[in-house]
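Read the structure below first, then the notes.
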There are 2 protein chains.
Amino acid sequence: MKNLPDKTVERLSQYRRSLNNQLTKGKTNIFSHELAHLLHITPVQVRRDIMLIGYSGTLRKGYDIKEMINLIGKIIDTDEGQRIAVIGMGNLGKAFIHYLHEKGSKLKIVASFDVNPDKTDKTYAGVHCYHFDRLAEIVKKEEINIGIITTPPEVVPQIADKLVEAGINGILNYTPKPLSVPDEVYLEEYDMITSLEKVAYFVKHRD
Amino acid sequence: MKNLPDKTVERLSQYRRSLNNQLTKGKTNIFSHELAHLLHITPVQVRRDIMLIGYSGTLRKGYDIKEMINLIGKIIDTDEGQRIAVIGMGNLGKAFIHYLHEKGSKLKIVASFDVNPDKTDKTYAGVHCYHFDRLAEIVKKEEINIGIITTPPEVVPQIADKLVEAGINGILNYTPKPLSVPDEVYLEEYDMITSLEKVAYFVKHRD
DNA sequence: TATTCCCTGTTAAAAATTTAACAATAATTC
DNA sequence: GAATTATTGTTAAATTTTTAACAGGGAATA
Ligand SMILES: NC(=O)c1ccc[n+]([C@@H]2O[C@H](COP(=O)([O-])OP(=O)(O)OC[C@H]3O[C@@H](n4cnc5c(N)ncnc54)[C@H](O)[C@@H]3O)[C@@H](O)[C@H]2O)c1
Ligand SMILES: NC(=O)c1ccc[n+]([C@@H]2O[C@H](COP(=O)([O-])OP(=O)(O)OC[C@H]3O[C@@H](n4cnc5c(N)ncnc54)[C@H](O)[C@@H]3O)[C@@H](O)[C@H]2O)c1
């Protein structure tokens, strides 16, 4: 697969989620406009994305849901699946672990880390929590390559450094502390306040 | 203020966060390239956004941090501030309430709702949790206009209906269940798995 | 006071993304 | 079986977003 547009990659993940959803409802085929409706986008965009990943539907039958799910998997999943660690087992860290636990995703959280002795050496939703001092050791042993940071903001830069040092390739930062990492590490940051303020802005400016 | 580009609105929120951060470090002025670095974007983009909101810096001094924070506030905050409710006081709901509590934001979570008697009629980080049956009543009384949904996915459509019925103007849906609402209600959806799969994809395809 | 330098503001160009338009064609209707 | 309808796939156009280019001007230097 050539280089897909960034936005298409994001949508593939959402398509799959919706498709799985429909599958459990007993649907086997879906039209571009149905899928579009579920994602609040246009049917053209759906068809275009599907074209870009090289899939074809059947005229008047739409797309085969199972086939599409498989194909999307081939594109966005890695063969071995990715192995993930969560750093900081507070409210947010726990929410994520429970969430991914109940999904049968290829993305597996295989370890978590904290410094608080109340949290360490316990297991949450099947994920063991190690002391952060053991990061390098466990990252290596468990072949972890993505880290999710959910610690207090103050300690985020140090944590990122340690993650990079330990050889991680991607970081998902959920704290409000902006981060800098070397170019070869893929960084994604999310702050709820941005989403919230966006909603607030458009609510305020709606016609 | 005319219609700002969508992306600019998103970045304003991030600018403000970083600017506040710098302010607490004692900085009073900031250059476009410094701000750009904090957000992993280009200085041109920063200058362009600032131009669009009609602010001007001083040559060789950069932008006045306090002034910018104020101006951004004028644009993205509403005068009275927005009043927000969280539906579903599980891990995620609690994480958000604690998070917004410690920020002195204009966005105030003023109520939460649940159906589980273990959760209702308690107060979390200063936010009271009501039974969901009282939604309409409390929304009205507290003048709530944004709802954040963090319940199990199954019940999300009903909850959204009730929120709309109660007169809410914006919904932030954190569950993996895609939602449909009338056009006049602004809807933002976020699913962690999308972020995670994006990271996974780009980690896999990095050069 | 002249010169150099740094940083802003803005217009123009480029790139990315979305939307439109429509041809092709299988299924359905008459 | 001809006409109509529904839906895909794709190319082209439009829009949005980002990046480049550079003029302007205050501060620093000399
Ligand atoms: N982006 C969002 O949408 C969003 C929403 C809510 C909270 N947050 C942020 O996410 C972070 C976590 O929020 P929370 O409510 O889960 O906080 P929390 O206090 O419940 O959890 C933080 C955890 O990190 C651990 N920790 C502290 N220092 C550590 C270290 N050096 N190494 C490893 N672990 C360490 C703590 O022991 C604690 O268990 C905060 O930074 C918060 O501001 C973000
Ligand atoms: N988008 C993300 O990034 C992300 C991350 C983690 C979890 N999630 C999702 O967020 C949701 C909440 O996750 P969680 O870990 O906090 O779950 P949780 O089970 O801890 O919390 C859900 C809460 O909702 C309450 N609830 C159930 N039915 C309700 C109803 N009809 N009205 C009001 N409240 C009701 C429950 O009593 C419970 O307190 C889930 O849908 C989960 O899949 C999303």
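Protein chains get the first letters and strands the later ones, always in sequence-line order, with residue 1 at the start of each. As the structure is a computational prediction, the values presented were derived from the model and not from experiment.
Computed from coordinates, the B:Gln45 CD to C:dT10 C1' distance equals 15 Å when rounded to whole Å. Put simply, CZ on A:Arg60 is 6 Å from C1' on C:dT28, counting in whole angstrom units. Atom P of nucleotide C:dT8 and atom CD1 of B:Ile30 are separated by 10 Å, given to the nearest angstrom. Following rounding to the nearest Å, B:Arg47 (CZ) and D:dT17 (P) show an atom-to-atom distance of 20 Å. In this entry the distance linking CD1 of A:Ile53 with P of D:dT10 reads 13 Å, nearest Å. Here the C1' atom of nucleotide C:dA15 and the NZ atom of A:Lys7 are 13 Å apart, to the nearest Å.
Nearest to the side-chain atoms of A:Met51 among the listed nucleotides C:dT17, D:dT11, C:dT11 stands D:dT11. Looking at the side chain of B:Tyr63, the nearest of the listed nucleotides D:dG9, D:dT18, C:dT8 is C:dT8. The A:Ser32 side chain lies nearest to D:dT8 when the options are D:dT18, D:dT8, C:dC7.
A donor and an acceptor atom, one from each side chain of B:Asn70 and B:Tyr55, are nowhere located under 3.5 Å apart.
Residues B:Tyr201 and A:Ile75 are in side-chain contact: their nearest non-hydrogen atoms beyond the backbone lie under 4.5 Å apart.
Residue-environment remark: NE2 (B:His33) exceeds the threshold of 12 foreign heavy atoms within 6.0 Å.
When the nearest nucleotides of DNA chain D are assigned to A:Val44 and A:Leu59 by heavy-atom distance, the more 5′-ward of the two goes with A:Leu59.
Atom CG of B:Leu107 and atom CG of A:Leu196 lie 5.0 Å apart (nearest 0.5 Å).
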